[in-house]
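Everything below concerns the one structure shown next.
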Amino acid sequence: MPVSSFPERGRRSGRLSAGRVPWLLVLPALLGLGFLVLPLAGLLVRAPWSALGARLLSAGVRDALLLSLGTATAATAVSLLLGVPLAWLLARTGFPGRRVVRALVTVPLVLPPVVGGVALLLVLGRNGVLGRYLYEWTGYSLPFTTAAVVVAQVFVAMPFLVISVEGALRGVDRRYEEAAATLGATRWTVFRRVTLPMVAPGVLAGAVLCWSRALGEFGATIMFAGNFPGRTQTMPLAVYLEMQRSPEAAIVLSLVLLAVSVLVLVLLRDRWTGTP
Amino acid sequence: MSSGGPGAAVLDAHLVVRRPGFGLDVRLRVALGQVLALLGPNGAGKSTALRALAGLVPLSEGHVLVDGADVTTAPAERRPVGMVFQDYLLFPHLSVVENVAFGPRCRGVPARRARRLALDLLAEAGLDGYAAARPGALSGGQQQRVALARALAVRPRLLLLDEPMAALDAHTRVSVRTQLRRRLAAFAGATVLVTHDPLDAMVLADRVLVLEGGAAVQEGSPAEVARRPRTGYVARLVGVNLYRGRASGTRVRLAASSGEGAVLTVAESVEGEVFAAFPPRAVALYRERPAGSPRNVWPLTVDGVEPFGDRVRVHLTGVLEVNADITAAALAELALSPGVRVWAGVKATEVECYPA
């Protein structure tokens, strides 16, 4: 009977889409997963677990760790101070050339950090476009100082914050800001008491992202700030250097960076991994 | 310009907003203690008018005077206006009392006093126990009361309410509406409220202004608007059969749009272009042509039947379109269903006739 064939066909097609595994997709997927996970597993396997405590407390590692934490935090603070207003400008105003500005903001995201370092040197170096006057007038030279580390990190990491905060600002229901205005709030009050609290999760996520990017910064730092232990040698730089002298120290430093990354992931889990 | 004496208009506005594909041009005057309802279909410009009064939409032309002071170009934060938004827009990151204290704080009231004021307003609204709660923990009706308290906290001269009932479910509406009416009656200023629900307008407002296509099509007391609608939209809203025609004596010959050639007999003699209206309850239906009292009788065809409150509404078409409300018993007795031909009768004394 022709009628009875319909439900049968429906059932078969249902099983097709739900049950059968397309190996052409699954095999490369598993390969990709292994490729991403295995190196990290290797790091854990080779870690000198017994000597970990002593290694972490050794002067070289401690200096690099403290310098990294300090500069990344400072860079995040600077990025917040400059980046949140920049994000507001991009999200809330319609000035001409806004699209160009947004494109410029995202350039450091895709630019090789080493190139960023070169660019910073050319502008802020002792003979740089601006650095020359800074040196002539104040005798201060920025490159190869701890401040230069922060500058390099801000350059590379701030776009992450700006993009994140701009997205959060666009997601806010602007009628709340209108409601605040009808209650007598000036634009600054609206921003401070309504907009900013409402985008706080986005700002926090951006700051964490920015901080972890600053923490991992290598290319721009080594180019613009050099590699002086205790002054500009941050953890990624120390990892690179130690790998040639004592790989065990490099592994310990790498483990610390890995732990920080995992921590960041945990902090942001609701934003990225929360959706099934 | 208007002076500030008693009885003078608190609000005197001429709102002109022009946008591509949309234009608003309406004049509003609201006296002290008065509640004006802007009633109209979606897209009529009600909300735009309200936002223009609040300073959230710039005027293309016209003026806004509050207590005689020109605030036409004043930004929203410097107008003596309180606004209750459609879904209340209570700040989710602030507690209820902080929400209410927000306005006074913005206007320079010290924190402690602003909080005191907010607590007093919450007590008046019957929300004593909710000061520390987040707005999200409140019911729709409670949120509306907080929103009203927040708007009143800035001591506005002009109170604006945008669809204050729209976000509530049907069974809380009645009690919330009654409370809102009491609060509005106690408000010492002018109120403009926007609604598309005629019941809100009837219960809450002293005066109704009907907006259609960005222009005022009718203004009057709620009873007047309900009894003598001037557009099809209002007639449908208040549930009245409305026709337009030319009167001569007690006979009204209907215009083409209302039912070409049909004639309505009215009780009192009038002349010229008129509206004629009668409620569906005034229509009687018969299987045979009735003899005697009803002066208006037409043979019509049943187009549809639907339950309507405790009655049944019958849609009839023919030389003119008529809605008739009859009892379920009458429906059964007449055996009405779509396509059946019946006689519809209306007494001349039931027909309201007024100049167009």
Side-chain angles (χ1 to χ4, degrees), chain A residues 80-81 83-85 87-89 91-96 98 161-162 164-209 267-271 274-275, chain B residues 47 50-57 71 74-95 98-109 111 114 117-118 134-135 143 146-163 167:
Chain A
L80 278 170
L81 238 58
V84 171
W88 182 84
L89 212 65
R92 280 294 191 277
T93 57
F95 65 90
R98 195 181 43 148
L161 181 97
V162 175
S164 173
V165 175
E166 195 203 340
L169 282 170
R170 289 187 181 281
V172 165
D173 189 342
R174 297 207 51 185
R175 295 176 313 145
Y176 284 102
E177 298 174 355
E178 292 180 344
T182 65
L183 292 167
T186 59
R187 289 190 86 174
W188 168 242
T189 309
V190 171
F191 176 75
R192 195 170 51 84
R193 291 206 55 202
V194 176
T195 314
L196 206 51
M198 290 185 84
V199 297
V203 173
L204 186 71
V208 170
L209 208 56
L267 276 175
L268 295 178
R269 68 187 183 283
D270 292 335
R271 292 186 82 78
T275 45
Chain B
S47 286
L50 210 62
R51 290 167 58 78
L53 289 174
L56 298 171
V57 165
V71 296
E77 66 264 25
R78 273 192 260 130
R79 295 192 183 199
V81 167
M83 183 155 175
V84 174
F85 290 80
Q86 184 167 354
D87 25 21
Y88 314 135
L89 302 178
L90 299 173
F91 304 126
H93 58 285
L94 298 180
S95 69
E98 286 167 341
N99 262 281
V100 179
F102 187 94
R105 287 292 291 133
C106 288
R107 294 179 190 218
V109 176
L117 178 77
R134 296 276 147 171
Q143 287 188 26
V146 175
L148 185 63
R150 184 175 72 170
L152 290 173
V154 299
R155 302 192 183 288
R157 295 294 296 151
L158 176 63
L159 183 62
L160 306 172
L161 305 161
D162 191 2
E163 299 275 7

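The sequence lines fix the lettering, A, B, ..., with proteins before strands; numbering per chain opens at 1. Remember, predicted model here, so these are calculated numbers, not experimental data.
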Fill in the blank from the handout: Cut-off 4.5 Å, heavy atoms of chain A, and the answer for Val81(B) is backbone
Handout entry: Structural part of Ala200(A) lying under 4.5 Å from a heavy atom of chain B
Key = neither
Practice task
Identify which part of Arg150(B) has an atom lying under 4.5 Å from any heavy atom of chain A, answering side chain, backbone, both or neither.
Solution key: both
Practice task
Taking atom CZ of Arg192(A) as the centre, report whether more than 12 heavy atoms of other residues, nucleotides or ligands fall under 6.0 Å from it.
Solution key: yes
Problem - More than 12 heavy atoms of other groups within 6.0 Å of Arg170(A) CZ - result: yes
Practice task
Work out which heavy atom in Cys106(B) is nearest to a heavy atom in Leu183(A); give both atom names and the distance.
Solution key: CB-O, 3.9 Å
Exercise for the section: Kindly compute the distance separating CE (Met198(A)) from CG (Leu94(B)), expressed to the nearest 0.5 Å. Expected result: 9.5 Å
Handout entry: chain A contact via Leu160(B) - which portion, at a heavy-atom distance below 4.5 Å
Key = neither
Problem - Nearest-0.5 Å distance that lies between atom CZ in Arg175(A) and atom CG in Asp87(B) - result: 4.5 Å
Problem - Taking every non-hydrogen atom, the tightest pair across Leu56(B) and Thr182(A) - result: CD1-CG2, 4.0 Å
Problem - Least distance between heavy atoms, Phe91(B) atom then Tyr176(A) atom - result: CE2-O, 3.4 Å
Practice task
Determine whether Glu178(A) and Arg51(B) make a side-chain contact, defined as any pair of heavy atoms from C-beta on separated by less than 4.5 Å.
Solution key: yes
Handout entry: Residues, nucleotides or ligands: over 12 heavy atoms within 6.0 Å of Arg98(A) CZ
Key = yes
Practice task
Working to the nearest 0.5 Å, report the span between CZ of Phe102(B) and CZ of Arg193(A).
Solution key: 5.0 Å
Problem - Among the listed options Ala54(B), Pro92(B), Gly82(B), Pro104(B), the residue most often paired with chain A at heavy-atom distances under 4.5 Å - result: Pro92(B)
